Amino acid sequence: MTCDQLQDSHELYALGCLDEPEQSELRGHLERGCPNCMPRFRQALQVNSLLMASIPLVEPPKRLRQRILAMIQPSRSQASIWAWLWAAAATALLGVAVYTGYDSRRQAAGEFRQMQARLEQVNQILAFLNEPETKTVTFGSQTPVPRGRVFLHPRRGVILFASNLPLAAPGRIYEMWLIPKAGKPLPAGLFQVDRNGSAMHVLNGTVDLSGLGAVAVTVEPEAGSPAPTSTPLFVAGVESGF
Amino acid sequence: MVDVSGDPDLAARLKRREPQAMGELYDRYGRLVFSVIVRIVRDEATAEDLTQEAFLRVWNRAQFFDHEKGALGPWVLAVARNRAIDYLRSADGRMAQQSTEFDPMISPSLFANLEKDIWNNVQARAIREALEKLPPNQRQVIELAYFEGLSQTEMADRMNQPLGTVKTWVRTALKTLRTELGEVQPA
């Protein structure tokens with residue numbers, strides 16, 4: 001298509017709502033730096049900006065500024081989570097590197113798969129944490145009681161980081177619960193803690209954040225339980241507004 | 001109107017990942033961004049979340065912004081609008097249309113060499129007045145494009161009009177609005 005045939009398409013192209021084939025055609029012109037289309041496109045950006053800037057203004061809630069600043073300034077506990085993740089990734093990578101230096105006939109294939117799975121899990125968690133839609137809630141305090149963070153994403157699921165958890169007794173296991181605002185707690189996976197009392201648990205899948213009231217953890221029989229059978233070790237309330 | 005005189009310095013500080021620059025960016029554009037998103041999604045609670053996400057995207061992409069050439073405000077506004085439109089499309093089940101998440105159309109480099117004082121001149125008022133004077137059908141297609149992200153095909157379905165008619169309305173409306181800025185002459 002010629003430049004003149006596309007001259008009325010620039011604004012819609014810049015808005016991302018131009019039909020085909022005009023969209024592909026105009027993209028081609030712009031990618032080539034077409035001397036006719038480039039200035040028209042810049043004017044389209046200007047028209048679009050002015051139109052959007054001309055609407056009546058609505059005052060945002062005062063908390064919004066703090067929310068935005070908080071998301072780019074991780075707290076110390078979040079920084080330590082990142083440190084933990086990087087350490088885990090480095091350990092997994094080192095394990096992979098060391099493994100590949102061994103005679104593969106000597107190294108158990110299962111150990112290698114475990115390291116790969118660990119690395120994949122860390123990669124998954126990093127991607128999860130980087131998502132702009134991921135929300136966080138904290139629980140606990142600075143005293144040595146169970147504490148940690150829960151990361152919630154409407155389409156990716158839940159990640160729980162916890163510390164100061166006692167080792168579960170033999171035959172017992174930790175179970176996470178999603179507690180809706182109305183209704184019974186929903187089982188959200190089983191996990192164990194390491195010898196330092198720390199745990200990381202991932203639940204993949206969609207989460208109804210608007211209907212979620214809290215995230216909790218109990219200790220259950222090692223096969224898990226369809227409903228909580230013990231008092232929660234902690235409950236992290238999910239604030240409304242998700 | 002927004003005072004954009006400090007935008008190049010602010011953009012440079014964002015590139016250096018200075019957290020205080022983010023506060024200033026919000027102070028400068030937060031109300032406008034929130035207003036545009038409210039206009040699109042029609043819900044202030046949702047708009048609050050989407051505004052946060054939009055600013056996070058700006059923060060993550062500021063490193064690609066040419067602070068010497070680019071117009072920061074229009075780029076921020078484009079990021080915000082596209083986030084809101086993506087939300088509308090996912091809510092309406094229109095995500096078959098490609099998400100604008102990584103759309104090159106909102107690449108910071110595209111906003112290089114835009115008029116820096118774009119919002120400080122009388123053209124902003126002129127465009128608003130021109131929009132208000134458009135015939136109802138032309139104003140509707142403009143609003144469907146800018147605040148609902150509909151293509152002309154989708155507009156035709158929504159308005160139950162032939163595609164050619166909708167295209168004529170869009171073309172005429174945009175020509176009127178461009179005239180307020182002065183038509184650009186081809187090379």
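If you're wondering where the values come from, they're calculated on a predicted model, not measured in any experiment. So that the names make sense, note that chain A is the first sequence line, chain B the second, and so on, each numbered from 1.
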Any [X] side-chain heavy atom under 4.5 Å of [Y] side chain:
| X | Y | value |
| --- | --- | --- |
| F55(B) | M71(A) | yes |
| P61(A) | F34(B) | yes |
| H10(A) | L174(B) | no |
| Y26(B) | P60(A) | yes |
| D49(B) | R67(A) | yes |

Which atoms of [X] approach chain A - backbone, side chain, both or neither, heavy atom under 4.5 Å:
| X | answer |
| --- | --- |
| R31(B) | both |
| E44(B) | side chain |
| V33(B) | neither |
| L50(B) | neither |

Can you name the nearest heavy-atom pair linking [X] to [Y], along with the distance?
| X | Y | answer |
| --- | --- | --- |
| P19(B) | L69(A) | O-CD2, 4.2 Å |
| R89(B) | G16(A) | NH2-O, 3.3 Å |
| I68(A) | Q52(B) | CG1-CA, 3.9 Å |
| C17(A) | A145(B) | SG-O, 4.0 Å |
| R65(A) | D27(B) | NE-OD1, 2.7 Å |

Legend entry - K167(B) and D8(A) ion-paired at < 4.0 Å: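 Salt bridge between K167(B) and D8(A), a charged N being under 4.0 Å from a carboxylate O: no.
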
Inset, instruction - Using a strict cut-off of less than 4.0 Å between a Lys/Arg side-chain nitrogen and an Asp/Glu carboxylate oxygen, indicate whether R171(B) and E11(A) qualify as a salt bridge. - result: no

Hey, what do you get for [atom1] ([X]) to [atom2] ([Y]), rounding to the nearest 0.5 Å?
| X | Y | atom1 | atom2 | answer |
| --- | --- | --- | --- | --- |
| Q46(A) | L177(B) | CD | CG | 12.5 Å |
| I55(A) | R128(B) | CD1 | CZ | 10.0 Å |
| L51(A) | I127(B) | CG | CD1 | 5.0 Å |
| L45(A) | L77(B) | CG | CG | 11.5 Å |

Inset, instruction - For the pair S35(B) (side chain) and V58(A) (backbone), establish whether a donor and an acceptor sit closer than 3.5 Å, ignoring hydrogens and angles. - result: yes

Legend entry - Residue among M155(B), R17(B), E48(B) with most heavy-atom pairs under 4.5 Å to chain A: E48(B)

Legend entry - E22(A), part contacting chain B, at a heavy-atom distance under 4.5 Å: side chain

Legend entry - CA sep, side-chain torsions, deciding dist, call: R39(B), M52(A), side-chain contact (heavy atoms from CB on, under 4.5 Å): CA-CA 10 Å; R39(B) 172 66 179 81; M52(A) 286 190 284; over 6 Å; no

Inset, instruction - Report the C-alpha separation of L15(A) and F147(B) in whole Å, then their side-chain angles, then the decisive distance to 0.1 Å, and conclude whether the side-chain contact (heavy atoms from CB on, under 4.5 Å) test is met. - result: CA-CA 10 Å; L15(A) 293 174; F147(B) 301 110; over 6 Å; no

